[in-house]
Chemist: 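Mind looking over this structure? Questions follow.
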Amino acid sequence: MQIFVGSTAYEVDAATSVESLKLMIENSEFVPSHQICLMNGATILEEGSLEENDIEEEDMLQMRLAVNAGMRKKWKKKRMRRLRRKRRKMRQRA
């Protein structure tokens, strides 16, 4: 069966796993497979086969980059200390 990811078509079986599809995309798009996030409508494809995730012939999947958001712990800790110090100073002035 044929699946479209973006504007590229991939020839896969129904039993193909999501991880192997990500590896196919990595080989053609040069994006690391651990950063690829595949979506079918509103559902995110993380594991299992395409058949288990209700992917049919000529379905259009969206590819997005899975970016881990948030501050690093070290920076967050440092920022929280600064804010506490600033609040203490403001309380002392009032």
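Just so we're clear, the structure is a prediction, and the values are computed from it rather than from any experiment.
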Chemist: With a cut-off of 3.5 Å and sequence neighbours excluded, list every side-chain donor-acceptor pair involving residues 52-61.
Modeler:
from: E52; atom 1: OE1; to: S49; atom 2: N; distance (Å): 3.3
from: N53; atom 1: ND2; to: E47; atom 2: O; distance (Å): 3.2
from: N53; atom 1: ND2; to: S49; atom 2: O; distance (Å): 3.0
from: E57; atom 1: OE2; to: Q2; atom 2: N; distance (Å): 3.4
from: D59; atom 1: OD2; to: E56; atom 2: N; distance (Å): 2.9

Chemist: Apply side-chain hydrogen bond (donor to acceptor under 3.5 Å, both in side chains) to T43 and list each qualifying residue two or more places apart in sequence or on a separate chain.
Modeler: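 In terms of side-chain hydrogen bond (donor to acceptor under 3.5 Å, both in side chains), with neighbours along the sequence ignored, T43 is linked to no residue.
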
Chemist: Atom CZ of R85 and atom CZ of R82: how far apart are they, to the nearest 0.5 Å?
Modeler: 7.5 Å

Chemist: Please name all residues satisfying side-chain hydrogen bond (donor to acceptor under 3.5 Å, both in side chains) with E46, sequence neighbours left out, ordered by chain then number.
Modeler: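 Per chain and number, E46 pairs via side-chain hydrogen bond (donor to acceptor under 3.5 Å, both in side chains) with no residue.
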
Chemist: What pair of heavy atoms forms the shortest contact from I36 to E26, and how long is it?
Modeler: CD1-N, 4.3 Å

Chemist: Supply the atom-to-atom distance Q35 CD to K22 NZ, rounded to the nearest 0.5 angstrom.
Modeler: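 One gets 11.0 Å once the value is rounded to the nearest 0.5 Å.
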
Chemist: Please step through side-chain contact (heavy atoms from CB on, under 4.5 Å) for the pair I25 and V31, ending with a clear verdict.
Modeler: CA-CA 7 Å; I25 295 170; V31 176; 5.7 Å; no

Chemist: Given side chains that start at C-beta, do those of M39 and L45 come closer than 4.5 Å, heavy atoms only?
Modeler: no

Chemist: What residues, two or more places apart in sequence or in another chain, satisfy side chain to side chain contact (heavy atoms under 4.5 Å, CB included) together with A66?
Modeler: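 A66: side chain to side chain contact (heavy atoms under 4.5 Å, CB included) contacts with C37.
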
Chemist: If you look only at pairs with a residue in residues 6-20, which of them pass as a side-chain hydrogen bond (donor to acceptor under 3.5 Å, both in side chains), with sequence neighbours excluded?
Modeler: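 Listed once each, the pairs are T8-E29, Y10-S28, S17-S20.
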
Chemist: How long is the gap from CD on Q92 to CZ on R88, to the nearest 0.5 Å?
Modeler: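 So the gap between those two atoms works out to 8.5 Å.
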
Chemist: Would you check, one step at a time, whether the test side-chain contact (heavy atoms from CB on, under 4.5 Å) holds for M24 with V12?
Modeler: CA-CA 10 Å; M24 286 181 198; V12 294; 3.7 Å; yes

Chemist: Can you list, by chain and residue number, the hydrophobic cluster partners of M90 when the side-chain cut-off is 4.5 Å?
Modeler: none

